[in-house]
Amino acid sequence: MTISQLFDVHEWHIIESTFDANRHKIAESIFSIGNGHMGQRANFEETYSGKTLSGNYIGGVFYPDKTRVGWWKNGYPDYFAKVLNAPNWIGIDIYINREKCDLAKVAFISFKRVLNMKEGTLHKTCEVELANKIRLLLSSTRFVSMHMVEVGAIEYCITPLNADCSIQIESYINSDVHNEDANYNDQFWESVSQNYSNNGAVAVDRTKKTQYDVPQFTVATGMHNQFFIQNKKQSGISTFSKKGLRIIEKAELKLQQQQTCKIIKIATQVSSLNHEEKTIEQAAYTVLEKAVETGYKQLLKNHIAIWADKWKLCDITIKGDTKAQQGIRFNIFQLQQTYTGNDSRLNIGPKGFTGEKYGGSTHWDTEAFCLSFYLATSPETVAKNLLLYRYKQLDRAIKNAEKLGFSNGAALYPMVTMTGDECHNEWEITFEEIHRNGAIAYAIYNYVNYTGDKSYLVEYGLEVLIAIARFWTQRVTLSPTKRKYMILGVTGPNEYENNVNNNWYTNYFARWCLQYTLETISWVKRVANQEFTELSHRIAFDENYEVIRWTDIIKNMYLPEDVTYDIILQQDGYLDKDLSTVHDIPANQRPINQHWSWDRILRSCYIKQADVVQGLYVFESDFDIETITRNFNFYEARCVHESSLSPCIHSVVASKIGNADKAYELYLRTARLDLDDYNKEAHEGLHITSMAGTWLAIVQGFAGLRWNQYGLSLNPQIPKHWKSFSFKIIYRGALITITIKAKKATILLESGFVSHITVCNQKYSLQVGSELHINLQ
Ligand code: BGC
């Protein structure tokens with residue numbers, strides 16, 4: 001499939017060189033900026049009356065939007081937690097000789113928008129002509145600070161190019177914001193106050209009260225503007241006013257042709273997540289004052305310095321393929337600005353801070369796709385906070401399970417959540433896509449294996465594992481005829497099948513969870529017996545009964561397989577389908593979810609996303625290479641990859657089985673999915689969680705990096721036309737750089753201690769500062 005390129009290729013920048021109104025919403029997503037605590041789409045500062053999706057979001061601040069379904073089913077969640085489009089601080093309206101500059105109505109003489117991924121800044125420069133024939137040069141630089149995470153700033157410049165003119169500037173905060181995806185078109189915010197003083201203006205807004213047991217949020221948005229002509233600060237030229245839900249700071253000035261007026265707008269957004277509600281306005285003024293005192297230049301410098309530190313740890317360099325280089329940096333950049341890991345109440349929404357879709361809530365994506373990225377590229381606490389997020393929601397996961405009829409402390413973690421409550425409103429997923437419990441348990445295993453932090457198991461992990469094990473124990477059914485444990489009525493990762501029996505991935509994962517919980521119990525009993533006894537009392541753990549039952553389920557779990565094709569069976573009855581392959585689908589009917597009826601999709605053999613292959617990816621070491629290859633070939637031929645989370649996993653497995661061409665083809669699909677708008681949906685926001693999959697495809701796929709209780713291993717290969725690729729990992733406090741060329745791998749332990757690494761099945765010792773060179777076949 002040929003994919004058209006939307007933006008210019010550059011190693012560190014995303015560049016849009018012409019303005020295209022049809023591409024504007026896509027660009028608004030692609031050029032999004034964030035700092036883990038808040039983030040925003042690349043909406044214009046100026047009025048733009050054309051098609052736009054206005055988006056400014058604050059991590060953890062959500063609204064419980066009443067569930068809307070056609071037919072209510074008992075057990076449904078009451079609300080869908082939506083990431084909120086928050087009051088907006090970027091607005092700067094300009095009027096030239098009384099004519100408003102509306103970027104949807106001007107003629108663009110030139111246009112350039114640049115996302116500088118190295119520095120985390122968004123730039124726009126354009127020359128425009130208004131209806132009154134005045135030509136203007138407009139430029140802006142914007143960032144949300146990585147250093148002061150409640151602060152954002154804009155440097156905005158206007159230069160009239162062909163005439164002297166009078167200019168009116170209205171810099172504002174807008175509290176009149178909506179979510180496009182509101183279920184009942186409700187307004188989610190109510191205005192509490194709008195005040196201004198010599199130190200700027202602050203709007204306080206609160207989410208509306210609902211009947212649900214979730215917090216209301218209050219957000220204070222502040223701005224401080226400074227005006228300059230030819231870099232000379234202008235004092236006393238502005239006044240404040242209010243218009244509807246806007247607070248406006250207005251300045252009127254005269255500019256001669258070629259003179260430049262600059263506005264430095266420093267803004268803050270503080271929320272009741274981190275501040276007392278009663279004094280939140282003052283909190284906004286305090287942050288604002290500190291940011292203004294620091295000054296725009298220093299704020300920017302501090303911000304760039306943090307990005308530089310981040311890149312030192314997480315960058316991947318690719319030589320010989322600039323498109324691939326841009327693709328991977330774009331993915332890493334978006335992941336880093338979505339989640340920074342210093343607040344265990346925050347998580348990684350599938351769209352991050354780039355759009356409303358998916359409610360902005362946490363999915364299994366975090367554990368199944370993102371965790372390894374953060375484990376390997378950030379200090380240990382970052383991944384730990386992702387785990388603690390789930391630990392803190394254990395009570396609600398137990399309540400979710402109770403609501404569905406489970407008992408004895410069984411936990412069913414939600415498919416989609418903000419608080420731990422289930423928010424997904426489709427029964428096939430809410431009630432049936434229970435494999436997410438497996439990913440959450442596996443994340444504990446993955447974290448402990450990678451970091452060696454086994455104390456996590458004692459303090460938090462075991463409690464979660466037991467609650468999950470209790471769920472599986474009650475969810476299985478002992479078939480009276482087969483004398484095997486079945487898991488009936490489920491949806492596997494492949495959401496193009498619902499209500500199936502014995503989805504292999506789910507059954508295999510359930511069995512693994514029980515096994516791992518048993519192993520963890522015996523380890524914790526050995527090393528921390530007192531803590532184990534305390535936990536047992538607290539959760540009424542009946543060791544004798546529960547362990548016997550789990551052991552029986554482990555021994556007798558039903559795992560469907562087929563002898564004719566010699567494959568694992570995705571679920572009971574899968575082979576009764578018409579077993580065509582993706583090549584049999586006419587190109588004009590792809591993606592099938594946009595062309596076929598739902599029932600046709602359900603009846604077909606086509607697979608939305610990695611399912612059996614997802615299981616083989618996770619449990620690779622349980623299978624020989626022939627089994628993995630046979631199953632990969634069978635299921636890849638039937639997988640339409642209509643979830644962004646799919647090609648990356650198939651790519652890793654393709655690398656594993658030595659199918660380099662396939663691995664690269666699937667890698668391309670994941671790496672530039674949004675940049676090239678492969679799925680024609682980038683206008684809604686980016687696929688943030690699948691971006692971690694791109695990292696997996698390179699690091700676990702091409703480099704073949706694995707970690708287990710024996711340490712690290714590599715099995716490298718390199719896509720044909722790449723000259724080299726290189727990445728760093730932080731492993732147990734050590735920093736390691738790995739560089740792969742066609743015939744050579746170079747490993748450098750830069751700091752810390754790691755005794756050895758296994759490369760292509762051979763063990764090598766590592767010493768700080770000395771490069772290890774290994775010839776590859
Ligand atoms: C996928 C899910 C995923 C969700 C959010 C869906 O299309 O099928 O596996 O959790 O998107 O990324």
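In listed order, ligands and their atoms are each counted from 1.
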Protein contact of atom 12 (O) of ligand 1 - nearest heavy atom, named by residue and atom, plus distance
D365 OD2, 2.5 Å
Within a distance under 4.0 Å of any heavy atom of P350, pick out the atoms of ligand 1 and give their elements.
5 (C), 12 (O)
Do Y391 and Y447 have ring centres separated by under 6.0 Å?
no
List the closest protein heavy-atom neighbour of atom 1 (C) of ligand 1: residue, atom name, distance to the nearest 0.1 Å.
Q609 OE1, 3.4 Å
Given the ring of Y184, does R68 sit roughly above its face, with NZ or CZ under 6.0 Å from the centre of the six-membered ring and within 45° of the axis?
yes
Does K608 approach ligand 1 within less than 4.0 angstrom via side chain, backbone, both or neither, non-hydrogen atoms only?
side chain
Looking at W364, which atoms of ligand 1 are within less than 4.0 Å of one of its heavy atoms?
2 (C), 3 (C), 9 (O), 10 (O)
Less than 6.0 angstrom separating the ring centers of Y516 and W512, yes or no?
yes
Looking at E422 and K403, does any basic side-chain N land under 4.0 Å from a carboxylate oxygen?
no
Ring centroid separation for F330 and F333, is it under 6.0 angstrom?
no
Which residue and atom name correspond to the protein heavy atom nearest atom 4 (C) of ligand 1, and how close is it?
H363 CD2, 3.9 Å
If you take the centroid of each ring, where Trp contributes its six-membered ring, are F509 and W472 closer together than 6.0 Å?
no
For atom 11 (O) of ligand 1, grab the closest protein heavy atom and report residue, atom and distance to one decimal in Å.
Y358 OH, 3.5 Å
Contact check: E433 vs ligand 1, nitrogen or oxygen atoms, below 3.5 angstrom
no
